[in-house]
Student: 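Sharing a structure below in structure tokens format, with a few things to ask.
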2 protein chains.
Amino acid sequence: MPCSFSKQEQVLHQFKGLTNQISPKFERCTGISASRYELLSQLYKVDEINQSTLQKLVNIDGAAITRHLKQLEASGMVIKRRNPEDNRVIFVSLTDEGRERIIEYRKENTGFVKQMLHDFTTEEVDALSDMLQRMQDNIVDY
Amino acid sequence: MPCSFSKQEQVLHQFKGLTNQISPKFERCTGISASRYELLSQLYKVDEINQSTLQKLVNIDGAAITRHLKQLEASGMVIKRRNPEDNRVIFVSLTDEGRERIIEYRKENTGFVKQMLHDFTTEEVDALSDMLQRMQDNIVDY
DNA sequence: GTATTATATTTGACTGGTCAATGAATAGTG
DNA sequence: CACTATTCATTGACCAGTCAAATATAATAC
């Protein structure tokens with residue numbers, strides 16, 4: 001075995017492999033992409049939110065947000081309006097329709113996640129969540 | 001708290017956020033994309049390998065493999081040749097140049113991974129690897 | 001009050017993944 | 001032997017992310 005992966009490298013490999021698998025499966029199962037689901041989910045929790053803080057919450061590039069919202073608006077699930085006090089910022093909120101649809105999506109989502117973690121104890125889920133957070137912190141400003 | 005994320009859902013969220021961050025950072029640090037690195041890394045371990053088994057090893061779509069290899073071939077790091085006994089399959093191998101370059105990349109890679117997991121004990125890395133594998137198994141045929 | 005700087009969003013170019021359709025070669029079956 | 005299946009690789013269309021540049025508005029500093 002001239003040049004095998006270290007265990008650490010292997011983790012990275014598994015990581016990549018897993019996320020590549022998750023995205024399309026999630027979408028097939030739930031009928032919505034994981035990113036869109038997150039956007040809607042965040043919007044569900046609040047009344048109205050400006051786009052940049054929404055972006056920070058879901059942790060993807062602003063350009064992607066713009067495009068997602070455009071689609072979601074076209075499909076009648078969200079509305080955007082400018083902040084009258086600061087015309088740079090855009091307020092985003094769910095429509096009633098969006099608010100109903102997200103509930104359906106949530107059911108599918110829960111099913112998917114449960115399946116993925118079905119043999120995990122709550123301690124394991126906690127530990128996993130903790131480790132993911134630490135990894136994130138470790139590379140945040142690299 | 002009308003509709004908060006469950007812990008399980010949160011894991012999925014963290015997961016997605018983390019991989020989105022990893023890819024560009026990995027590439028900035030190492031000078032090569034994670035997928036290309038993996039391809040080269042797998043090729044390093046063997047003498048020659050056919051494309052489809054390489055694809056299974058790195059766990060990404062065949063179409064993506066075709067395109068990566070095209071690039072890697074153009075940059076002189078790999079060679080392809082048809083299997084004379086079965087003209088459908090393509091054998092891939094590293095060039096001498098590729099074999100040298102991967103060694104450099106490996107150094108950068110190791111640094112990156114070490115940083116990402118710098119506060120993890122070996123037990124934690126093992127546990128993480130184990131959990132990732134289980135998640136993968138849980139959704140493999142969904 | 002104008003000039004500069006900073007912030008929010010958008011747009012365009014690029015990369016990398018998916019799926020579905022195609023082409024080419026082999027394998028299997030009557 | 002011909003006909004159908006399969007298999008491997010490629011291609012095209014699409015989606016989702018990145019970065020960098022452009023735009024528009026607001027805030028700050030002379």
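Order of the sequence lines fixes the chain letters, A, B, ..., with proteins taken first and strands second; residue numbering starts at 1 for each chain.
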Student: According to a strict under-4.0 Å criterion, is B/Arg82 in side-chain N/O contact with OP1 or OP2 of C/dA25?
Tutor: no

Student: First locate atom NZ of A/Lys107, then atom OG1 of A/Thr30, and finally report the distance between them rounded to the nearest 0.5 Å.
Tutor: 14.0 Å

Student: Within the pair A/Arg88 and C/dT10, is there a side-chain N or O less than 4.0 Å away from OP1 or OP2?
Tutor: no

Student: My understanding is that a pair needs two contacts under 3.5 Å, Watson-Crick or G-U wobble. By that rule, which nucleotide pairs with C/dT5?
Tutor: D/dA26

Student: Base, sugar-phosphate, or nothing for B/Lys25, non-hydrogen atoms under 4.0 angstrom?
Tutor: nothing

Student: Would you say a side-chain N or O of A/Ser33 is under 4.0 Å from OP1 or OP2 of D/dA16?
Tutor: yes

Student: Is the phosphate of C/dT9 approached by A/Arg67 (side-chain N or O, under 4.0 Å from OP1 or OP2)?
Tutor: no

Student: Is the phosphate of D/dC8, meaning OP1 or OP2, less than 4.0 Å from a side-chain N or O of B/Gln55?
Tutor: no

Student: Taking the six-membered ring of A/Phe120 as reference, does the cationic atom of B/Arg134 (NZ for Lys, CZ for Arg) lie under 6.0 Å from its centre and within 45° of its axis?
Tutor: yes

Student: D/dT11, OP1 or OP2 - any side-chain N/O from B/Thr66 closer than 4.0 Å?
Tutor: no

Student: Looking only at side-chain N and O atoms, does B/Thr122 offer a donor or acceptor that is under 3.5 Å from a partner on A/Lys7?
Tutor: no

Student: Given the side-chain rings of A/Tyr37 and A/Tyr105, with only the six-membered ring counted for Trp, is the space between their centroids under 6.0 Å?
Tutor: no

Student: Quick one: is A/Lys70 getting a side-chain N or O under 4.0 Å of the C/dT10 phosphate, OP1 or OP2?
Tutor: no

Student: Any side-chain N or O of B/His68 less than 4.0 Å from the OP1 or OP2 oxygen of C/dG17?
Tutor: yes

Student: Quick one: is C/dA8 close enough that its OP1 or OP2 comes under 4.0 Å of any side-chain N or O from A/Asn50?
Tutor: no

